[in-house]
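Only heavy atoms go into these numbers, but all of them, side chains included; no hydrogens, no water, no symmetry mates. Letters go in sequence order (proteins before strands), and every chain restarts at 1.
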Amino acid sequence: AQSVTQLDSHVSVSEGTPVLLRCNYSSSYSPSLFWYVQHPNKGLQLLLKYTSAATLVKGINGFEAEFKKSETSFHLTKPSAHMSDAAEYFCVVRENSGYSTLTFGKGTMLLVSP
Amino acid sequence: EAGVAQSPRYKIIEKRQSVAFWCNPISGHATLYWYQQILGQGPKLLIQFQNNGVVDDSQLPKDRFSAERLKGVDSTLKIQPAKLEDSAVYLCASSLDLASGNTIYFGEGSWLTVV
């Protein structure tokens, strides 16, 4: 079985400061992990994914995430927030066993103030 | 490259009425998914197709929801009769195939309000 816990429902930062969105996962098999972003009234857009290659994954718009197996974590970071980063972010796990579906976290709303 | 297309984008219906949503996946994508996203929650898988066959429909409320992908390309999700708790965004997604590392691409969603 697989599950995802996003540790914060809301994160507030000021423009130009670092962003940290936390995610812990549980999986019976080695997982693939994804971060998706959802802007208001828009569909889900893939930011980045980990699929058992390099543990530090770089995505679009300056985001990156580090897979830490010992901590079962996949936290999303960005050095400097922009106003346009304000959106909801979903951490997603998918087990590498035969076929499996995506399991989404409950989401973290990122608020960016000027 | 065209993305996942969904229609209609918005729908308001009364409870006990029926509604249908249409999805056209990215060309060449064998796997198609329907997700339900209730306000304030992450998306939940309703049904997953591989070509025209159902791979997983364990979370589909089959007494009122149905979905088909007859020719293995586009798909329709139907709700009949609708309940108030069906108010949600219905997201269609597609991927190249079932391999777990494949990226799943989402459409912009069909917003349903049941009154």
Same cluster for [X] and [Y] if Ile/Leu/Val/Met/Phe/Trp/Tyr side chains link at under 4.5 Å?
| X | Y | value |
| --- | --- | --- |
| W111(B) | F106(B) | yes |
| L48(A) | I104(B) | no |
| F74(A) | V93(A) | yes |
| V11(A) | Y89(A) | yes |
| L32(B) | V89(B) | no |

Atom CG of L39(B) with >12 non-hydrogen neighbours under 6.0 angstrom: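 Open.
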
Part of Y36(A) lying under 4.5 Å from any heavy atom of chain B: side chain

Region of L44(A) in contact with chain B, defined by heavy-atom distances below 4.5 Å: both

Could you grab the distance from atom [atom1] of [X] to atom [atom2] of [Y], nearest 0.5 Å is fine?
| X | Y | atom1 | atom2 | result |
| --- | --- | --- | --- | --- |
| F90(A) | Q37(B) | CZ | CD | 4.5 Å |
| T103(A) | K44(B) | OG1 | NZ | 12.5 Å |
| Q45(A) | E108(B) | CD | CD | 10.5 Å |

Those residues of residues 104-114 of chain A, ordered by number, that approach chain B below 4.5 Å (heavy atom to heavy atom):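 Those residues of residues 104-114 of chain A which have a heavy atom under 4.5 Å from chain B are F104(A), G105(A), K106(A).
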
Minimum-distance pair of heavy atoms, taken over all atoms of N102(B) and K49(A):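 Closest heavy-atom pair between N102(B) and K49(A): C-NZ, 4.0 Å.
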
Shortest non-hydrogen separation from R94(A) to Y33(B) and the atoms involved: NH2-OH, 3.1 Å

Contacts of residues 57-76 of chain B with chain A (heavy atom under 4.5 Å):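 So no residue qualifies.
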
Any residue of residues 5-14 of chain B which, by heavy atoms, sits under 4.5 Å from chain A: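 Listed by number, the contacting residues are R9(B), Y10(B).
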
Qualifying disulfide bond (SG atoms under 2.5 Å apart) pairs with a residue from residues 53-98 of chain B, counting only residues at least two apart or across chains: C23(B)-C92(B)

